[in-house]
Protein chains: 2
Amino acid sequence: MAQTNLERQVETRLREHEIRLTEGRRTLIQALGKADGPKSAADLHSRLGDQVPLSSIYRSLSVFEDAGVVSPHYSTKGVTRYELAEWLTGHHHHLVCVNCGVVEDIEIDDRLETQLEAIVEEIGRDVSFAPVDHALEIDGNCRQCQ
Amino acid sequence: MAQTNLERQVETRLREHEIRLTEGRRTLIQALGKADGPKSAADLHSRLGDQVPLSSIYRSLSVFEDAGVVSPHYSTKGVTRYELAEWLTGHHHHLVCVNCGVVEDIEIDDRLETQLEAIVEEIGRDVSFAPVDHALEIDGNCRQCQ
DNA sequence: GTTGCAATTGATAATGAGAATCATTATAGT
DNA sequence: ACTATAATGATTCTCATTATCAATTGCAAC
Ligand SMILES: [Mn+2]
Ligand SMILES: [Mn+2]
Ligand SMILES: [Zn+2]
Ligand SMILES: [Zn+2]
């Protein structure tokens, strides 16, 4: 099976940390690569069946996080959801449906992103806070729920 | 002891839900009113000592949430933090220190807030999502940590 | 392609934030 | 004050996540 570009990038990063890219980890990366938003360990486990045991999913996500391959999201109650880090996917934001709870990725166009960054910078200047990142979450009703 | 304006608003809202504003709950509301950012049950408990038992703090925060008196925040790992709902405090955003983890309220001026709302509306239109709220979180180094 | 060995696995136990229980107590309206 | 009902708080329960550890696997050197 041919190695995808995503896998190649992840493998390189992991090698720098002396972390092995095993079969189960490859499977996880593929699943995260296909996802349309951040996924919890339970989400991934139900998608992958017993291909990768839940305890291994938790451990691998944690290893990936330490290596900067995935980013955790805490924006919903009781569960942590993970997605590929932005150096792999590009910077983006999230829509959260207040009705059904789905979290969906959105990329916004450069004009809006530039405006947003200007707002963030100005706020940082105003209050002596040094921004390194920002997250705009929009809560509302998704297409299915409106 | 004279009843503060905040307490009066909360009492009215609770009465509409047939929820009593007891001594412990009054104490909690006061603590939340003084806070400079969202606080966890444990935060509140350590601030209030055994004045209000931890299990009561959890239950009261949950009751307050149902009545729309407080809002939960999930943006940090492993704990839920609560703050007074925006109809009591005014709309605002949050700074999260990537170093020490402190979460701090910020009100941004009307010009920036208007720009932000315009961005949110435009995104909603683009992707057929109906926004009801938004949250801009700025991650960076707080004054103490830079 | 075998070998050596550190990294990984996966079943299971431990942890910890938060929710549920329930007998007792406090609250508010009459 | 009396009563009906809501709240309390010590305790137990739940469930997402982490830690453990003996068995297995990946990888690089030979
Ligand atoms: Mn995302
Ligand atoms: Mn706040
Ligand atoms: Zn929805
Ligand atoms: Zn800080």
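Every heavy atom of this structure was used, including side-chain atoms; hydrogens, water molecules and symmetry mates were not. What you see is a predicted model, and the numbers here were worked out from it, not measured in a lab. Chain letters run A, B, ... following the sequence lines, proteins first, then strands; residues in each count from 1.
The separation between B:Asp50 atom CG and D:dG9 atom P is 10 Å, rounded to whole Å.
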Base versus backbone protein contacts along nucleotides 18-30 of chain D [heavy-atom cut-off under 4.0 Å; B, S, -]
B------BBS---

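In this structure, A:Val63 reaches neither bases nor backbone, as no heavy-atom distance under 4.0 Å exists between it and the strands shown. Residue-level contact check: B:Thr80 touches the backbone only, with heavy atoms under 4.0 Å from sugar-phosphate atoms and none from bases.
Side-chain contact check for A:Glu86 and A:His91: at least one donor-acceptor pair (N or O, by modelled atom type) lies under 3.5 Å. A donor-acceptor pair shorter than 3.5 Å cannot be found between the side chains of A:Glu137 and A:His94. No side-chain donor from either of B:His134 and B:Glu121 sits under 3.5 Å from a side-chain acceptor of the other.
Atom NZ of B:Lys39 sits about 15.0 Å away from atom OH of B:Tyr82, to the nearest 0.5 Å. Note that CG of B:Asp109 is 9.5 Å distant from CD of B:Glu113, once rounded to the nearest 0.5 Å.
Interface limits on DNA chain C: the 5'-most and 3'-most nucleotides within less than 4.0 Å of chain A heavy atoms are C:dA6 to C:dA19.
Within a 6.0 Å radius of CD in B:Glu18, other residues, nucleotides and ligands contribute 12 heavy atoms or fewer.
A salt bridge between A:Arg20 and A:Glu11 is absent, with no side-chain N of the basic residue lying under 4.0 Å from a carboxylate O of the acidic one.
Evaluation of the salt bridge (charged side-chain N to carboxylate O under 4.0 Å, His left out) rule for A:Arg26 yields A:Glu7 as partners, not counting sequence neighbours.
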